[in-house]
Protein chains: 2
Amino acid sequence: MTQANTRATRGRGSPTEEHYVEAIGALEELATPVGTAAIAQSLGLSMPSVSEMLARLSNNGLVSYAPYSGASLTDKGKRLFASLVRRHRLWEVFLNRCLGFGWEEVYPPACELEHATSDAVIEKMAEFLGHPGTCPHGAPIPSADGKWPEKRSRGLSEMQDGHTARIVRVLREDDADCLQFLADRGIVPGASIRVLDIAEFDGTVTLGVEGATRAIGRDVASRLRVGPDQAPA
Amino acid sequence: MTQANTRATRGRGSPTEEHYVEAIGALEELATPVGTAAIAQSLGLSMPSVSEMLARLSNNGLVSYAPYSGASLTDKGKRLFASLVRRHRLWEVFLNRCLGFGWEEVYPPACELEHATSDAVIEKMAEFLGHPGTCPHGAPIPSADGKWPEKRSRGLSEMQDGHTARIVRVLREDDADCLQFLADRGIVPGASIRVLDIAEFDGTVTLGVEGATRAIGRDVASRLRVGPDQAPA
DNA sequence: TGAGACTATTAGGCAAGCCTAACATTCTTG
DNA sequence: CAAGAATGTTAGGCTTGCCTAATAGTCTCA
């Protein structure tokens with residue numbers, strides 16, 4: 001026992017605040033500033049809850065926010081965001097590589113664990129895992145000082161028919177069903193693919209994956225990021 | 001994101017309730033039923049807070065409790081307690097063995113992690129660690145179905161001068177200073193010791209540990225549990 | 001037995017986080 | 001530009017978990 005107040009010990013915000021920062025950080029990659037509605041939907045909360053918390057995060061200096069103008073992470077918020085993503089993805093690597101969870105299963109437990117993990121623990125963990133650069137879904141892991149690796153991937157839609165590439169990342173790592181669907185078809189980071197056809201009508205993509213022919217819908221295809229066919233030097 | 005309500009997902013009580021159950025379970029080993037004051041002191045909370053929570057835990061069926069009569073865990077409470085101890089001590093093993101934390105450092109991070117760990121994760125972890133029987137302090141790890149290994153250790157005070165034994169466990173694994181003190185002197189689980197003297201006056205114990213002579217006070221000595229000198233078959 | 005010392009509980013309050021209902025602002029579009 | 005749609009905030013209320021101050025049992029010992 002002897003724990004009294006966990007909040008004081010962690011030196012970061014509450015787990016709840018961390019959830020908001022994660023949501024805002026993720027949404028900022030799509031559009032900035034981030035609206036209240038988007039955050040509410042992403043967290044499954046009501047808009048008033050979000051409004052209230054934005055005011056608080058703004059007081060804490062994590063978010064820059066003015067009523068009716070949306071929110072965006074401050075530098076401090078961005079640092080926290082990077083640290084949360086780092087913790088989350090390192091846990092995913094551990095769960096996948098050491099404990100044998102499938103890539104479609106690692107997201108929820110990593111969500112729980114990340115808020116219970118101190119810097120000391122996560123840095124030892126990073127060392128234990130050999131400082132991996134990406135999570136099992138190919139998403140980059142920020143460094144301990146909050147730097148993001150440069151991203152050199154592109155979308156499937158930028159590829160020409162007949163060209164080959166290597167899957168480097170699959171987006172929406174929280175969508176277990178989609179990840180299962182892709183894994184069943186061998187479409188995972190590291191796999192070599194050849195684009196056989198991209199239907200003009202509805203965007204359905206036909207791929208060659210390890211000798212087999214696979215068709216995937218436009219929405220799923222848009223979640224795939226590819227890089228050059230050979231492994232980088 | 002997409003987490004909404006963590007409480008619902010876990011199927012156990014809130015982390016706070018788990019703290020109480022842990023405290024009560026630990027105190028029950030000393031005396032039962034457990035008084036409000038003891039719980040309050042152990043958790044660093046006020047007695048009214050404890051009173052209130054005892055009423056709630058009683059409603060949840062985790063604790064049997066009547067005003068002014070102290071609390072004791074129900075069977076359901078005991079099961080939860082065993083599961084919490086299991087989670088806590090498996091994390092301690094992992095932190096110590098895989099991440100390289102000293103045995104005096106593992107208690108606090110394990111406290112945080114245990115409440116963020118599902119059954120699925122902890123059972124994979126147990127397998128990954130090879131189903132260890134004790135934590136780094138020698139404390140037993142209950143099985144997944146809540147069974148405690150039989151304990152066959154005894155206290156130092158039951159030993160005669162000149163007899164040898166093996167340290168099997170050190171109590172009060174939350175007392176980092178004491179653990180550091182003992183580790184510095186080679187007094188850790190597995191170490192062979194010989195009792196050279198137990199002072200009648202103040203209970204100071206003089207030990208031979210790996211060729212060196214070490215003196216420890218009565219209070220520290222009372223935290224040591226020993227077993228037969230040879231490792232059990 | 002009855003005074004004082006403990007031990008517990010009740011009363012009343014506060015912050016964090018969440019909600020619904022009501023109101024306000026901004027955007028879109030005829 | 002005005003009306004309705006969409007978005008956002010305010011008001012007010014709830015639970016969890018904690019607190020202090022006041023009250024109430026319980027135990028000990030002269």
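Residue numbering restarts at 1 for every chain, and letters A, B, ... go by the order of the sequence lines. It should be emphasised that the depicted structure is a prediction, and the values quoted were computed from it without experimental measurement.
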> What is the distance, rounded to the nearest whole Å, between atom CD1 of B/Ile39 and atom C1' of C/dT7?
Replying inline: 13 Å
> Reckon A/Tyr65 has a side-chain N or O less than 4.0 Å from the OP1 or OP2 of D/dG8?
Replying inline: no
Extract from the structure each pairing of a protein N or O with an N or O of nucleotides 10-14 of chain C at less than 3.5 Å, listing the distance.
none

>> Restricting to non-hydrogen atoms, name the atom on B/Glu105 and the atom on B/Pro108 that form the minimum distance, rounded to 0.1 Å.
In response: O-CD, 3.4 Å
> Mind checking whether A/Phe81 and A/Tyr20 have ring centres under 6.0 Å apart?
Replying inline: no
> What integer distance in Å separates A/Gln41:CD from D/dA6:P?
Replying inline: 14 Å
> Just wondering, more than 12 heavy atoms not from A/Gln41 lying within 6.0 Å of its CD?
Replying inline: no
> Which whole-number value in Å describes the distance from A/Tyr68 OH to C/dT26 C1'?
Replying inline: 9 Å
> Separation of B/Met53 atom CE from D/dT16 atom P, in whole Å?
Replying inline: 9 Å
> If only atom types and distance count, is the side chain of B/His115 paired as donor or acceptor with the main-chain N or O of B/Glu18 below 3.5 Å?
Replying inline: no
> Does one side chain, of A/Ser83 or A/Arg87, offer a donor that lies under 3.5 Å from an acceptor on the other?
Replying inline: yes
> In whole angstrom, what separates B/Asn60's CG from D/dT16's C1'?
Replying inline: 12 Å
>> Can you measure A/Asn59 atom CG to C/dA15 atom P for me and round it to whole angstrom units?
In response: 14 Å
> A/His115 has an atom NE2; how far is it from atom P of C/dA16, in whole Å?
Replying inline: 18 Å
> Counting any heavy atom closer than 4.0 Å, what does A/Thr36 reach on the DNA or RNA strands: base, sugar-phosphate only, or nothing?
Replying inline: sugar-phosphate
>> Assess, by modelled atom type and distance only, whether the side chains of B/Glu92 and B/His88 contain a donor and an acceptor separated by less than 3.5 Å.
In response: yes
> C/dC19 P sits how many Å from A/Leu43 CG, rounded?
Replying inline: 10 Å
>> Tell me whether the count of non-hydrogen atoms from other residues, nucleotides or ligands lying under 6.0 Å of CD in B/Glu200 goes above 12.
In response: no
>> Does C/dA16 have OP1 or OP2 under 4.0 Å away from a side-chain N or O of A/Thr16?
In response: no
